[in-house]
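Because the structure is a prediction, the values reported are computed rather than measured.
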Amino acid sequence: MSILGHEVRRLEDPAMLTRGGCYVGDIPMPGALWAAFVRSPLAHARIVRIDTSAASAAPGIAGVYTGQDLGCPEHPAVFPHLKPEWMHQPVLAHDQVRYVGEIVAVVVSEDRAAAADAAELVEVDYEPLPVITNVEESVTDQVLIFDEAPGNVIATVEAGPGASFEECAVIVRQRMVNQRQSGAPIEPRAAIAAWDGERLTQWASCQGAHPNREFLARAHGLDVSDVRVIIPDVGGGFGSKGRLFREEVTIGLLARRLGRPVRWTATRVEDMLCLPHGRAQVHEVTIGGTRDGRITAYQLEVIQDCGAFVLFAPILINSTGRMTTGVYDIPNVGYRGRATLTNTAPTSAFRGAGRPEAAAAVERAVDMFAAEIEMDPVEVRRRNMVPAFDNGYTTGVGTIYDTGDYERALDLVVEAVGYESLRQEQARRRTEGSTRLIGIGLATYVEVTGGAPGGEYGSVELLRDGRVRAVSGSTPTGQGHRTAWSMLVAAGTGVALEEVEVIHGDTDRVPASGVTGGSRSTQAAGSSLFVATEKLVDMAREEVSRMLEASVEDIVLDVQRGAFHVVGAPARSVTWAEVAAAAPEPLQAVSDFVPASSTFPFGAHAAVVEVDIETGRVALLRMVAVDDAGRILNPMLAHGQVHGGLCCGIGQALFEEVVFDEDGNPLTTTFADYGIPSAAEVPSFELVDCETPTFMNPLGAKGIGESGSIGSTPAIQNAVVDAIAHLGVRHIDLPLTPERVWRSIHTAALR
Amino acid sequence: MTVNGSAKEHEVEPRLLLVHYLREVVGLTGTNIGCDTSSCGACTVLLDGESVKSCTLLAAQADGADITTIEGLASGDQMHPMQEAFREKHALQCGYCTPGMVMAAVSLLKEHPNPTEAEVREGLEGNLCRCTGYHNIVQAVLYAASPGSVPERNAGSVPERNLGVSA
């Protein structure tokens, strides 16, 4: 029996539990200097003068540098084709600042505290400029972040033919805010740069070694072979650590100049300011259809807050557009997404990156449509879902889904949550005049994950002692790659789990890698290791056929014993160690697997909330999740991913919002102001498994890392509105704070 | 002070925090730092057997105290039952909050040997995790308190719970 599909405990855990992981900040680096950054306190201003003299004279300071001092270096664009050519993105701002937290100088010292102290002594004179932080005002041209971008719009994506509402008996319109969130991994960013002659080594807390290396090489004008990036344990990423940071370029410049390693570890304030935020969209949704519940038209207009520079926002509006219609069959559809600049920190990917936003829009729209025609939202979903398919479905915006059975996910969640009895309980409390009302909310989602375009590097090598080394391009930020990869290799070879060595996250030891994002690891990197393992077994069979003087077609691998024999003659077997000893050269197989296209996991989430109508407080009582990510290698790890995603989605629904005042001052710069959920604010989760394999890869696997955060947010939002809909509330924007809920109830009462 | 059973004596700056002392002077990097406001609990250690956030304390204030960090919890090769429970219930992913979370959980069970789920959740409120959604952390603490009381993990099962709405 294969171990695949079983709950194998993690190989990572004993070390992490007994001595802690080894993160960038834990790496000893004798002789290293600490960098501390001076950041702009203004959201938009011209830099008139920077005086570093007092800081330079402070005790223990090795140097103080401005952008001018370092030659005004440019930060390498993540996607050069998406960044307008005129847009300069300086590593250190030298003439103008465009958001609070932008780097204007850096201080270096042997002592971390001394560097932080001296950073306070750098004097910068600013000439304030008008500020714009609101995306809807940004597109009206009042204030320009860059003179070259009229209307501040730097990217537009359109999809679908454009919806016509002429024949709709019912039309519902709503503006919705999908608020800005912080990725907030508990490990703040950290990096170390060290030069050996003309070769740079950087230790990074990031989601992909080779992309990081490529950006660093570009920033420093080096060949990629002269840069090594090492990723030790990473304390969470969630998309926000997906790309190279300006601080990482800066410490490399300093280390080269000073001839010593330079390191930096962000404070939480620095991460809340500058770790790229996610979501940050405003939606204008229009949905139309018939009185008997058929949705016949849907239009989604999105304004994406790009922040002051272009990181990833054009990709976000693209992802949202691809998923516009969700699980519904709506050919009469239109989408337009615009990314606009504001005086705020740049936005990038956060757990879902454009897909949760699409799901939130359509799932709220469907509920509002259902409320308008007074039909049960489960029934409206059923009447409009794409029927089950196993060989592709093309949506109204032209996205091709692989496999799906949305109604099954809906059936499972409706049954698991006990929908009918909850409706009775809801009615009972309303009748009794309770001030604590029950709401039930659903979201049925489909999202896009995966390996395309391009796969992920994977090779498997038989070591001389019979152990197997797996080299993967995909690096973990907590997912359990070592366990999953060891399982794949062990299942294919019969070698014990502990005899598999897994290598990742080092550009000198791994030939190529992508970014661990888009829920792609298992389907892309896992499939590569699966294919490479099959190849290695074939290579070993060749070797065994020589050893046993038999035809290679007759050599079989007994996976239970981890040994080869001639078919029908198991008495004489050859172990992996014997193959390794006999092979003239070490056997190594490299995968050639490239996924043909993306995969489309789906599911249905149900939330049960209790709304205290006297205070507006929402208590999330239950969260039921059906997540179908195709074949599951290790249900324990997969469930863990769902749990984490649900919690991020709950955070977006109820608590989290990165807020700026109208002058662009960030108001949420600590975990005291920005509340990610604690254990006390979330329930235990109820998961129901559902497995609809994909044909896009040999494992049949789709991504599971982000799905939890995609259905949960609109499910909770729908539940809260459902609880108080009879009081006249139609919609409440995220996050559903007590104040917002209370105001909605009272505003509705006044109408 | 005593750190994981061994005596430590250093002259330190008055402003040095206990967490920086442990990490940078003693060299025990298992204890992590996740925020600047004592909100996240990643730096939680045991001081004379009780959990404290080691960023809220100056090293000098811990003079003479008995400190236990994640590195000092196991007995030789034998993991502490809480460490075992975290592994058994998959209560860690990236591992960054884990040392603090484990120490907080050890302290919690010392005060409430048989907590309810709600008590575990309230008790761990000061320790933030972004990976696990807390589900498996709560399961692990309940399991450490009473291994028989927590259902075995099993693919596809709906966890037993009584948060039904009519309660």
Min side-chain heavy-atom separation B:Cys94-A:Glu187 under 4.5 Å: no
A:Asp26 vs B:Arg23 side-chain heavy atoms within contact, under 4.5 Å: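 Yes. Closest side-chain heavy atoms under 4.5 Å.
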Value rounded to 0.5 Å, distance of [atom1] in [X] from [atom2] in [Y]:
X	Y	atom1	atom2	result
A:Phe238	B:Cys131	CZ	SG	3.5 Å
A:Leu17	B:Ile70	CG	CD1	6.5 Å
B:Leu92	A:Arg10	CG	CZ	4.5 Å
B:Glu88	A:Asp13	CD	CG	10.5 Å

Please look at [X] and chain A and tell me whether the side chain, the backbone, both or neither of the residue comes under 4.5 angstrom of a heavy atom of that chain.
X	result
B:Glu24	side chain
B:Ile33	backbone
B:His80	neither
B:Leu128	both
B:Thr37	side chain
B:Asn32	side chain

Check whether [X] reaches the backbone of [Y] with its side chain - one donor and one acceptor, N or O, closer than 3.5 Å.
X	Y	value
B:Tyr96	A:Gly478	no
A:Arg268	B:Gly34	yes
B:Arg121	A:Glu681	no
B:Asp36	A:Val269	yes
B:Tyr134	A:Val682	no
B:Glu125	A:Ala680	no

Mutual orientation of the aromatic rings belonging to B:His135 and A:Phe685 [parallel < 30°, tilted 30-60°, perpendicular > 60°]: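 Parallel: the ring planes of B:His135 and A:Phe685 meet at under 30°.
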At a heavy-atom distance under 4.5 Å, which candidate from [options] has the highest pair count against chain B?
options	answer
A:Ala266, A:Pro677, A:Gly20	A:Pro677
A:Pro476, A:Ala113, A:Ala638	A:Ala113
A:Gly675, A:Gly235, A:Cys690	A:Gly235
A:Pro14, A:Gly480, A:Gly21, A:Pro185	A:Pro14
A:Thr670, A:Ile676, A:Leu646	A:Ile676
A:Arg19, A:Arg112, A:Gln426, A:Gln641	A:Arg19

A:Glu415 atom CD, over 12 foreign heavy atoms within 6.0 Å: no
CD (B:Gln78) with more than 12 external heavy atoms under 6.0 Å: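 It does not: B:Gln78 CD has 12 such atoms or fewer within range.
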Residue part contacting chain B, namely of A:Thr477, when any heavy atom lies under 4.5 Å: backbone
Chain A interface, residue from B:Met82, B:Glu122, B:Arg87 that has the most non-hydrogen pairs under 4.5 Å: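 The option with the most such pairs is B:Arg87.
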Largest heavy-atom contact set with chain A, pairs under 4.5 Å, which of B:Arg15, B:Met79, B:Glu13: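 Counting heavy-atom pairs under 4.5 Å, the top option is B:Arg15.
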Shortest non-hydrogen separation from A:Gly640 to B:Gln93 and the atoms involved: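 Closest approach of A:Gly640 to B:Gln93: O-NE2, 2.9 Å.
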Pair A:Arg9-B:His90, side-chain contact (heavy atoms from CB on, under 4.5 Å): steps then yes or no: CA-CA 7 Å; A:Arg9 300 295 178 269; B:His90 184 35; over 6 Å; no
